[in-house]
2 protein chains.
Amino acid sequence: MATLGDVAARAGVSISAVSRVLSDAPDSRVSAATRERIVDAARELNYRPNFAGRALKSARTQVVGLVVPDITNALFTELMHGAEDEATERGYTVLLGRSDDVRPGGEVIARLIGEGRVDGMALQVGDAVQPAGLRDLITTQAPIVLVNSSYPGHVGSVTLDDHRGALIATQHLLELGHERIAFANGLPRSFTAKRRRTGYKLALATAGLRMPKEYETRIGYTVDNGRTALRRLMALDPKPTGIVVANVNAAVGLLGEARRAGIRVPEDLSVVTVHDSWTAENTWPPLTAVKMQFYTVGRAAVRSVIRRIETGETSDEVVTDPPPELVVRESTAPPRTA
Amino acid sequence: MATLGDVAARAGVSISAVSRVLSDAPDSRVSAATRERIVDAARELNYRPNFAGRALKSARTQVVGLVVPDITNALFTELMHGAEDEATERGYTVLLGRSDDVRPGGEVIARLIGEGRVDGMALQVGDAVQPAGLRDLITTQAPIVLVNSSYPGHVGSVTLDDHRGALIATQHLLELGHERIAFANGLPRSFTAKRRRTGYKLALATAGLRMPKEYETRIGYTVDNGRTALRRLMALDPKPTGIVVANVNAAVGLLGEARRAGIRVPEDLSVVTVHDSWTAENTWPPLTAVKMQFYTVGRAAVRSVIRRIETGETSDEVVTDPPPELVVRESTAPPRTA
DNA sequence: GTGAAAGCGCTAACAT
DNA sequence: ATGTTAGCGCTTTCAC
């Protein structure tokens, strides 16, 4: 690999001149002719700045870490794209990490930041992570922004408008004429579950309805959790005619389980989910979903991390624009008895 | 962040002594007492070796890149886990990258290697990438191992036993009594598609059967490609009674389209796919699939990259152990007329 | 058994 | 307008 020295030798100038030109310093102070020689030499040698050299000198890597609970979760596609687009525009690179099953975020993050592999991080912790595992984060003053999660006292977060998402989903069923609407939610300790809950309740309250306590399950966001929720909800009397599911993976499981139980969707039961993804389009029937703005959240998160790195400013932000968007497919219909 | 100097000062020893102890050099040549002082000091200061400093000095990052066409594809979960497990055991870290849609691999790789961000790479190129885009790779002598892909003249690859996977899938339908078996395959230029094709053909030939040319579609591996394949195959006369799909995403689409067309699975049509993933369990009906050993391939790929980095050796490897495994679910049954 | 010192590639303050 | 130089944190050779 060619170094600055190689380029300098070939162009017949000093190393610092080359550095100034190739790292486009604000004031490179070289003549047009010299600049050209340098640029040519660099191209001929296929010069690329050495990452370690630059990072060591500047104490900056221009890398931000993005850690999500499960990288292959379709939900995070847009989040990652948003993060990468924002990073690229600002001259940063995104380093993807999984918040490992065993050590919920803690060790990975400490390494990434402590060893100077990244300048800052955007961190989405999973539904199932105990908030206690986040303790280390808040003690460090590292530039960490939480995505769709929270920790008491931690400042710096970007979140989806979960409240509104659940509200829109519930309203959709109300408008179809449903009056017994259940809610398959995440775990009680989950930050997002809490906020989706308020949206569900508000929609019902506004319509002048109240549901029995058992109409909300708080089991979790996985496919299996969704299956369990379906069984529990459809064992109630009276049965709900519609279910709002707080997560698309859970909705996929719930739908599969309904199928298995011989419950027809949407004839016997309407299902609407918060979150859209390609999997929702490919269930049978295709799932009506409220599309959340993951792309925008990804951008905002990286923007926030970089601001924190470069200026030290922090903020807590909710992405409300664009708002969540209802995508009507075939899993919802008016209730039979209506 | 504490440096070696800080630790040395606190322990009252030289920097080099600290370095020898903390980087567990084979021969640290320090007394037990000194060693203890050093280890204590490091712990108290929460010392972590600076990544850039180490990389700059040693010209090694201990990082291998893993680039796949679409990180969020459920198929790559196991591949990544295998890669990470192998890397961890050998003291390496995995850096995840997407082989970007726009620049098919080329630029990402050149940067990662050229800037010294990684020591080597495992690269899986997508079905849709033109082999021409890989030209740069082979010219460099960089430690790159291709995963489930090939480039003429490039040495260093690890692949699934695609031939056998398709063979097993086809045999399953044959054993159920099907005699008109179609094959929804990937693009003709796709390396994996070529090998899956030989498995399909061998199974048929062994059974003494021949299918008309139109029984094989070569459209691609996406959900939409699967939908198209279904329409094309079910327009034939006579219709196939069973379809082997070369990719699980395509199978999901194909199944959805069958549903839409009013074709009952498995009563009217059996569907078996090569590749298993959680999505296959959650279609309706759940998909019979041949589970390919992605985890093992991930491990083997990283092992191969590291060997290439450390010893310069190269190899082309097919993962045959464990063999692909048939997982019977509910999308396959004997043909109606049988 | 321990320490001093050079140097990896780069940037930036300081000459000239 | 261009060059010299120090030093980022680390490893490693060499000297003691």
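- Looking at residues two or more places apart in sequence or on another chain, you find no salt bridge (Lys or Arg N to Asp or Glu O under 4.0 Å) involving Arg60(B).
- Nucleotide dG3(D) holds its C1' atom 12 Å from the CD1 atom of Ile38(A), rounded to whole Å.
- Pairs passing the salt bridge (charged side-chain N to carboxylate O under 4.0 Å, His left out) check and including a residue from residues 72-83 of chain A, sequence neighbours excluded, read Glu78(A)-Lys291(A).
- Of the two residues contacting DNA chain C, namely Leu56(B) and Val30(B), the nearest-nucleotide position lying further toward the 5' end is that of Val30(B).
- Taking Arg303(A) as the reference, Glu86(A) meet the side-chain hydrogen bond (donor to acceptor under 3.5 Å, both in side chains) condition, with sequence neighbours excluded.
- In this structure, the side-chain contact (heavy atoms from CB on, under 4.5 Å) partners of Leu95(A), at least two apart in sequence or on a different chain, are Val63(A), Leu112(A), Val118(A), Leu95(B).
- Extent of DNA chain C lying under 4.0 Å from chain B heavy atoms, first and last nucleotide in 5' to 3' order, is dG1(C) to dG9(C).
- A donor and an acceptor atom, one from each side chain of Asn148(A) and Thr192(A), are nowhere located under 3.5 Å apart.
- Taking atom CG of Asp6(B) as the reference point, atom P of dG9(D) lies 8 Å away to the nearest angstrom.
- With sequence neighbours left out, the side-chain contact (heavy atoms from CB on, under 4.5 Å) criterion links Asn50(A) to Ala52(A), Leu56(B).
- Applying the side-chain hydrogen bond (donor to acceptor under 3.5 Å, both in side chains) rule to Ser23(A) yields no partners; only residues at least two apart in sequence or on another chain are considered.
- Taking five base pairs at each end of the helix from dG1(C)-dC16(D) to dT16(C)-dA1(D), the local helix axes there meet at an angle of 50°, rounded to 10°.
- Listed by chain and residue number, Tyr295(B), Arg299(B) satisfy the side-chain contact (heavy atoms from CB on, under 4.5 Å) test with Asp85(B) (two or more places apart in sequence, or in another chain).
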List every contact pair, protein side and nucleotides 10-12 of chain D side both N or O, where the distance is under 3.5 Å.
unit_1  : atom_1 : unit_2   : atom_2 : d
dC10(D) : OP1    : Tyr47(B) : OH     : 2.5
dC10(D) : OP1    : Asn50(B) : N      : 2.9
dC10(D) : OP2    : Leu4(B)  : N      : 2.6
dT11(D) : OP1    : Arg54(B) : NE     : 2.7
dT11(D) : OP1    : Arg54(B) : NH2    : 3.0
dT11(D) : OP2    : Ser19(B) : OG     : 3.0
dT11(D) : O2     : Lys57(B) : NZ     : 3.2

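- For the side-chain hydrogen bond (donor to acceptor under 3.5 Å, both in side chains) test, no residue two or more places apart in sequence or in another chain qualifies with Arg54(A).
- Residue pairs satisfying the side chain to side chain donor-acceptor pair (under 3.5 Å) criterion with at least one member in residues 313-322 of chain B, sequence neighbours excluded, are listed as follows: Ser157(B)-Asp316(B), Arg307(B)-Ser315(B), Thr311(B)-Glu313(B).
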